[in-house]
Amino acid sequence: MANYIQMMRKFVGTRRIFLPGVRAIILNEKEEILLQKRTDMNLWGIIAGGVELGETALEAIQREVKEETTLDIHHAEPMALYSGAKQQFTYPNGDQVQPFSVAFIVREWSGVPRPDGVEGSELRFFSRSQVPEDLVPIHKLTLADFDRYNGKFLLP
């Protein structure tokens, strides 16, 4: 995603742009959620990223998870589509975005989670009751939707 976003930022600076993205709620056998300590915001978050030109949402989530955790996804269930003003945020460097993101639930994966050291400095599984308070705000909403998810695709 960095290449596309870097190219767009040359034209628009830090002004708000639409950001097509994906989010992964990765669960282990205990139903604990994998979170990463993000280096750009110093907050915990689910694994997420942008869709590159020419990619499908599924290809993007597989790539993002591999890049940020070294894990291979074997199956991803689409859970929700996030859009609208509630999704807007500003990165610490001033870049403004409004994501248009598909969230996936990932229960089937392989590998040992390892942070990439670039986007994330730490990876850890948390029980839902122990998710840290210092969480990316839009990811709080995604996890709240996961709590109420009943198998029907959500359009919050």
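Any value given below was found using the heavy atoms of this structure, including those in side chains, with hydrogens, waters and symmetry copies removed.
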Do Leu19 and Ile5 come close enough that some side-chain heavy atom pair is under 4.5 Å? yes
Whether the side chain of Thr69 engages the backbone of Val65 through a donor-acceptor N/O pair (distance < 3.5 Å, no angle test) should be reported. yes
Give a yes or no on whether Phe125 and Trp44 share a hydrophobic cluster (residues Ile, Leu, Val, Met, Phe, Trp, Tyr; joining criterion: side-chain heavy atoms under 4.5 Å apart). no
Would you call Thr39 and Val118 a side-chain contact if the rule is heavy atoms closer than 4.5 Å? no
Of all the heavy-atom pairs spanning Asp95 and Gly13, show the shortest one and how long it is. OD1-O, 4.4 Å
Between the CG atom in Asp72 and the NZ atom in Lys66, the distance rounded to the nearest 0.5 Å is 3.5 Å
Looking only at heavy atoms, what is the nearest atom pair of Pro156 and Ala80, with distance? CD-CB, 4.2 Å
Checking side chain to side chain contact (heavy atoms under 4.5 Å, CB included) between Val106 and each of Ile25, Ile26, Leu34, Leu27, which is the one that passes? Ile26
Does any part of the side chain of Leu123, heavy atoms only, come nearer than 4.5 Å to the side chain of Ile47, both counted from C-beta? yes
Counting only heavy atoms not in Tyr149 (residues, nucleotides, ligands), do more than 12 fall under 6.0 Å from its OH? yes
Residue Phe153 excluded, over 12 heavy atoms near CZ under 6.0 Å: yes
Once you round to the nearest 0.5 Å, how far does CG of Leu43 lie from CD of Glu133? 11.5 Å
Mind checking whether Val131 and Leu143 have side chains closer than 4.5 Å, heavy atoms only? yes
Taking the side chain as everything from C-beta on, heavy atoms only, tell me whether Tyr82 gets closer than 4.5 Å to Leu155. no
Rounded distance (nearest 0.5 Å) linking atom CZ of Phe89 with atom CZ of Arg16: 9.5 Å
Mind listing the closest non-hydrogen atom pair of Ile61 and Ala24 along with its distance? CD1-CB, 3.5 Å
Steps toward side-chain contact (heavy atoms from CB on, under 4.5 Å) verdict (Val112, Arg114): CA-CA 6 Å; Val112 176; Arg114 283 190 283 273; 3.9 Å; yes
Asp116 side chain to Gly120 main-chain N or O, any donor-acceptor pair under 3.5 Å? yes
Lys NZ or Arg CZ of Arg23 over Phe104 ring: under 6.0 Å, within 45°: no
Please name the pair of heavy atoms, one in Ile138 and one in Pro99, separated by the smallest distance, quoted to 0.1 Å. CD1-CG, 4.2 Å
Please tell me whether Leu141 and Leu154 are part of a single hydrophobic cluster in this structure, the criterion being side-chain heavy atoms less than 4.5 Å apart. no
Glu31 and Arg107 ion-paired at < 4.0 Å: yes
Ion pair check, Glu122 and Arg124, cut-off under 4.0 Å: yes
Please say yes or no: joined through hydrophobic side-chain contacts below 4.5 Å, possibly via intermediate residues, are Ile73 and Val102 part of one cluster? yes
Kindly compute the distance separating CD1 (Ile17) from CZ (Phe11), expressed to the nearest 0.5 Å. 12.0 Å
Cationic N near anionic O, under 4.0 Å, Arg38 to Glu119: no
Can you name the closest pair of heavy atoms from Thr142 and Ile46 and give their distance? CG2-CD1, 3.8 Å
Might you point out which heavy atoms bring Glu55 and Ala60 nearest each other, and give the distance in Å? OE1-CB, 3.4 Å
Lys86 atom NZ, over 12 foreign heavy atoms within 6.0 Å: no
Examine Ile33 and Leu135 and state if one hydrophobic cluster contains both, with Ile, Leu, Val, Met, Phe, Trp and Tyr joined whenever side-chain heavy atoms are less than 4.5 Å apart. yes
Using a 3.5 Å distance criterion without hydrogens, assess whether the side chain of Arg15 forms a donor-acceptor pair with backbone atoms of Val12. yes
Using 4.0 Å as the upper bound for N to carboxylate O, is an ion pair formed by Arg63 and Glu59? no
Main-chain N/O of Gly111 paired with Thr70 side-chain donor or acceptor, under 3.5 Å: no
Answer yes when Asp134 and Lys37 have at least one side-chain N-carboxylate O distance shorter than 4.0 Å, and no when they do not. yes
ILVMFWY network linking Met7 to Tyr91, side-chain heavy atoms under 4.5 angstrom: yes
So do the side chains of Ser110 and His74 get within less than 4.5 Å of each other, counting heavy atoms only? yes
Gln88 and Gln98 side chains, donor-acceptor separation under 3.5 Å: yes
Minimum side-chain heavy-atom gap Met41-Pro92 below 4.5 Å: yes
